[in-house]
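Letters go in sequence order (proteins before strands), and every chain restarts at 1.
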Amino acid sequence: MKHPYDARAIETKWQRHWKDSNAFRAPNPGEPGFDPNAPKFYVLDMFPYPSGSGLHVGHALGYVGTDVIARRKRMNGFNVLHPMGWDAFGLPAEQYALQTGKHPRETTAENTANFKRQLELIGLSYDWSREVDTSDPTYYRWTQWLFLKLHERGLAYQAEVPVWWCEELKTVLANEEVINGRSERGNFPCVRRPLKQWMLKITAYAERLIVDLDLIDWPESIKIQQREWIGRSEGAEIRFAIEGASKAESTVFTTRPDTLWGATFLVLAPEHALVQAITTPAQRAAVDAYKAAAAAKSELERGDASKTKTGVFTGAYAHNPAFEAGDPKGRVPVWIADYVLAGYGTGAIMCVPGHDERDHEFAKTFGLEIREVVKPPKGAKGLADGVCFTEHGTAVNSGPIDGLATPEAKAKAIEWLVARGLGKARVTYKLRDWLFSRQRYWGEPFPLLHVEGGAIVPVPEDALPVLLPEMRDFKPSPDGSAPLARAKEWVTTIDPRTGKPARRDTDTMPGWAGSCWYWLRFMDTRNDRAPFSKEAERYWGPVDLYVGGAAHAVMHLLYARFWHKVFFDAGLVSTPEPFQKLFNQGMVEAFAYEDATGRLVASDEVEARGASYVQRTSGAELKQIVTKMAKSLKNVVNPDDMIEEHGADTFRLYEMFMGPLADSKPWNTRDIPGCRRFVERVWRLFVDADADAPIRPQFARGAKEPALEGATLALERGVHRLVARADDSFTHFNLNTAIAAMMTFLNDATKTPEALTRSQALRFVQVLAPFAPHMAEELWQRMGAPGEVAKSAWPRPDPAYLVDDEIEIPVQVNGKHRATVKVPKDAEGPAIEAAARAGAAVHLEGKEVVKVVVVPKRLVNFVVR
RNA sequence: GGGGAGAUGGCGAAACCGGCAGCCGCAUCGGACUUAAAAUCCGAAGGCCUUCGGGCCGUGCGGGUUCGAAUCCCGCUCUCCCCA
């Protein structure tokens, strides 16, 4: 064989060609090769954290998807920006380092090299000249610079915030390292303890983060999740004076100011600043004990409404401002309870046990007064029936607002409070300010100096980056201070502005920091005077299509939007939103096997016996289930192995052929040969492996084009249908249907290979090109077509070829399919009906036709009696 | 606990605006080629029944709307994902 299909040879050849010719470099405006007339398209993957285990086939799904889209967009004439980089700072590298003693810088370099090798093996058309690494000083220099922009605008501040502390490990732990109040490592008890931390004031943007969701083309489900997360609620702040000598006052937030007249007690968060001051000596011991217990709980446990309510009386009383001074109904006890969170609203609530579930439970548990102030509408159950009524109704026992429906009662109550100076309307959000400090080593140092007198000043721009000091031992210190605090020479510095001694800030930024602006750096990666130039941003921004897992629905996508909006306000970017369209690819799952007891059996111990599966050692019958890929299940599939065995083109095709990009679906290595066969059949259609010629003569340059008739005409229709179906697949991201269309065309062409023309073959290869780019390029070259298929113009389907002259129309009787008739494609209603009557005559005989539904080009339905 | 997505043959799936359910593959079975096997090519195939004409059932379950529902509405079950 002189021209066998040799995936490895073809793929190596073209990957080298793309690299050597910078085929996918996207020049910026003003650079050589930039085409100002072409529209731009910025398609971005969520960049990966380069873990030690490398890419698996699930990561590859999104990357292959965006690559197919990017390649087709180039063929559609767009300037395509399609970059890739590494979200390289973060906890896992540091934990790995603590275990192995290998510096995170080394492991990160190895891991990114491995990731890049894997991505290149897949034949992805990234512009590698724009590669970024968030842990590289040339990158984090600008992360620090942008942080200072936030700092300048008053959006970064320090606060005492509770963090997880593990006494046993003598360290601060991140949220994700604490599970049910115990350390993930070692399972030791943890407590929340206050520590001074950097916070970012994302709450200042809460409203805009909600409102601007209307500007972007994102899945509604993600928008809903973000709105939920931000959790806007309207209500009022009301001031309750505390009884006694102190002039203390407690401000509560409520969404139901109309129920003020039913507030019979207050509950403060255990951490509330007032607690200390108002607790009576008799209650002090109980209060202190309760506070200590609350500190050990996570917010989840505390907020869990199903749990029995706990709380402690402070001994103090407050005055409900709805009532006259001295009115005993206005004298309400003040409790503390852990279901009230310090960070939400004002950290204090007024309790209306008649109309709030949790307050109701609490009052019943502790024997507090329950008063009805909202009468349920007719038919609904209320306090009279022993039920806590929380919906809208009519105000009763509520003085000035009696008789009003809940919405009006709310408004009137606020008016009444404002008039008396007792409260005001307020909107509050569940969203909390963002804890931005970590007491960790492997992250961006804060570019801040603590100078004499306690002030904190930014490091001047020209002194950036503040380099992460070289340290060998970066375990957290036993006193809870950050590892950087031990880099003594690094910490001790001078303030370049005054020449006076200063101390560096020793916290580092969280793993999210680098991903808060990377899409901007990609626009102008090598800029060393600014994070990115205005010209580049104005041309490339915003990202047209952002693809990643739905896992990042809130955290990353909210943080990224927040930073982008700050940049927008600072005049650094020209759009209020960073990502115009968002698309979530599905999870790639894998089969796993469980035995009769439900125990999981590793995939490599499983053998297929026809349609069933058995355990190789025991012969026990197993059930196939679908679950995520995990090392522990031994069902992780590595793309390297797949490519080694079948080639990158087959691998890419299978990734896309599995199903719609958005769906979760199981990887099934057994299915790959189908795609492999497709690739080989394409090759054989074009190349006679035993001949001398690199391509069958009928497809070579200068080959005679047969007339458009008979089988050739049928194939011509097929090509147009193929392109139309492929185009359609790109609007819905169900690229599997484009591949199905190619297979259909191939099946047809294989039946009458001599009828296939060079022009049809070229167009087929063009459609193939985004999916199987190496083979497409090879065939394109062998056909002697000009340039590269990657840069050729995507074919357009001609509607005239999309429909046959005669079409088949189903005929139904009473909605049941009874016959199929052939009619000319433009046949009108009466003609179709006549044909249908004839076609379904047997089924109409002796029946009375009551109604006929004729949908031209679609169907006919006879309704008979 | 809250939020999101989903359920179609043995398996992955297709089906545009409500109009022939199951395109295209996998696995399976039959045939051709071969000394043989692999590869390749051709063909069958949702289930049940059949007098071989065809008939009945069928898109997680139960209702509804409609000439007509995988698709729309109401109620339920189950699965997956995310957050803390």
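- Without hydrogens or angle criteria, N861(A) side chain to G815(A) main chain gives a donor-acceptor distance under 3.5 Å.
- By the rule that a glycosidic angle within 90° of 0 means syn, C17(B) counts as syn.
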> Passes side-chain hydrogen bond (donor to acceptor under 3.5 Å, both in side chains), N668(A) versus Y654(A)? Steps please.
Replying inline: CA-CA 10 Å; N668(A) 194 353; Y654(A) 178 64; 6.0 Å; no
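- The side chain of K430(A) contributes no N or O atom lying less than 4.0 Å from OP1 or OP2 of G3(B).
- Taking atom C1' on both nucleotides, C20(B) is separated from A32(B) by 33 Å, rounded to a whole Å.
- Between the CD atom of E228(A) and the C1' atom of C82(B) there is a distance of 13 Å, given to the nearest Å.
- Distance alone, capped at 3.5 Å, is enough to place a donor-acceptor pair between the H817(A) side chain and the A819(A) backbone.
- Comparing the same atom, P, in A39(B) and in U28(B) gives a spacing of 10 Å after rounding to whole Å.
- As rounded to the nearest Å, C76(B) and A7(B) have C1' atoms that lie 14 Å from one another.
- N861(A) places its CG atom 13 Å from the P atom of G19(B), with the value rounded to the nearest Å.
- Contact of the V849(A) side chain with the R837(A) side chain is registered, since non-hydrogen atoms from C-beta on lie closer than 4.5 Å.
- Comment: E220(A) engages R227(A) in a salt bridge, judged by a side-chain N to carboxylate O separation of less than 4.0 angstrom.
- Contact check, R818(A) against G55(B): a side-chain N or O comes under 4.0 Å of OP1 or OP2.
- Among the protein residues, P666(A) comes within range of the sugar-phosphate backbone only, with heavy atoms under 4.0 Å from sugar or phosphate atoms but none that close to a base.
- The separation between L859(A) atom CG and C16(B) atom C1' is 15 Å, rounded to whole Å.
- Distances were taken from every side-chain heavy atom of M743(A) (C-beta onward) to each of C26(B), C67(B), C24(B); the shortest belongs to C24(B).
- Atom-to-atom, NZ of K665(A) to C1' of U79(B) comes out at 17 Å; the value is rounded to the nearest Å.
- Contact check on D805(A) versus R717(A) returns a salt bridge, with a Lys/Arg side-chain nitrogen under 4.0 Å from an Asp/Glu carboxylate oxygen.
- As judged by a 4.0 angstrom heavy-atom cut-off over every strand, I809(A) is placed among residues making no nucleic acid contact.
- Nucleotides U66(B) and C74(B) are separated by 16 Å at their C1' atoms, to the nearest Å.
- For the pair Q812(A) CD and C67(B) C1', the interatomic distance rounds to 9 Å; values are reported in whole Å.
- Between N814(A) and the phosphate of G68(B), there is no side-chain N or O to OP1/OP2 separation shorter than 4.0 Å.
- Residue P660(A) is in sugar-phosphate contact alone, with no base atom involved, counting any heavy-atom pair closer than 4.0 Å across all strands shown.
- Between the CG atom of L431(A) and the P atom of G2(B) there is a distance of 21 Å, rounded to whole Å.
- G53(B) adopts a syn glycosidic conformation, its chi angle falling within 90° of 0.
- Here the nucleotide nearest the side chain of N668(A), chosen from C11(B), C56(B), G19(B), is C11(B).
- I739(A) CD1 to L746(A) CG: the interatomic distance, rounded to the nearest 0.5 Å, is 13.0 Å.
- With W218(A) as the aromatic partner, R561(A) meets the cation-pi criteria of under 6.0 angstrom to the ring centre and within 45 degrees of the ring axis.
- Backbone-only contact: N734(A) has heavy atoms under 4.0 Å from sugar-phosphate atoms and none from a base.
- A gap of 11 Å separates the P atoms of G46(B) and G10(B), to the nearest Å.
- Within the nucleic acid shown, E589(A) comes within 4.0 Å of sugar-phosphate atoms alone, with no base atom in reach, counting heavy atoms only.
- Atom pair F657(A):CZ and C23(B):P shows a separation of 11 Å (rounding to whole Å applied).
- Within 90° of 0 lies the glycosidic angle of G9(B), which makes this nucleotide syn.
- Across the interface with RNA chain B, nearest-nucleotide mapping of H817(A) and I739(A) shows H817(A) to be the residue nearer the 5′ end.
- Remark: the separation of the P atoms in C16(B) and C80(B) is 29 Å, to the nearest Å.
- For W229(A), whose side chain is taken as the heavy atoms from C-beta onward, the closest listed nucleotide among G3(B), G19(B), C83(B) is C83(B).
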Enumerate all atom pairs, one protein N or O and one N or O from nucleotides 41-48 of chain B, separated by less than 3.5 Å.
unit_1: C41(B); atom_1: OP1; unit_2: R681(A); atom_2: NE; d: 3.2
unit_1: C41(B); atom_1: OP1; unit_2: R684(A); atom_2: NH2; d: 3.4

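- For the pair R358(A) and Y339(A), the cation-pi test (distance below 6.0 Å, angle within 45°) is failed.
- The CG atom of D649(A) lies 5.0 Å from the OH atom of Y5(A); values are rounded to the nearest 0.5 Å.
- For V853(A), taking side-chain heavy atoms from C-beta onward, the closest of the listed nucleotides A5(B), A14(B), G19(B) is G19(B).
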> Pairs counted as Watson-Crick or G-U wobble with both distances under 3.5 Å: what dot-bracket string results for RNA chain B, using | for bases tied to another strand?
Replying inline: (((((((..(((......[....))).(((((.......))))).((((....))))..(((((..]....)))))))))))).
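- No engagement by M742(A) is indicated, since no non-hydrogen atom pair under 4.0 Å with the nucleic acid exists.
- As rounded to the nearest Å, A15(B) and C83(B) have P atoms that lie 31 Å from one another.
- To the nearest whole angstrom, the two C1' atoms, one in C23(B) and one in A38(B), are 30 Å apart.
- The distance between atom NZ of K851(A) and atom C1' of G19(B), rounded to the nearest whole Å, is 14 Å.
- With N584(A) contributing its side chain and G548(A) its backbone, the two residues share a donor-acceptor pair below 3.5 Å.
- With respect to the salt-bridge test (charged N to carboxylate O, under 4.0 angstrom), the residues D727(A) and R72(A) qualify.
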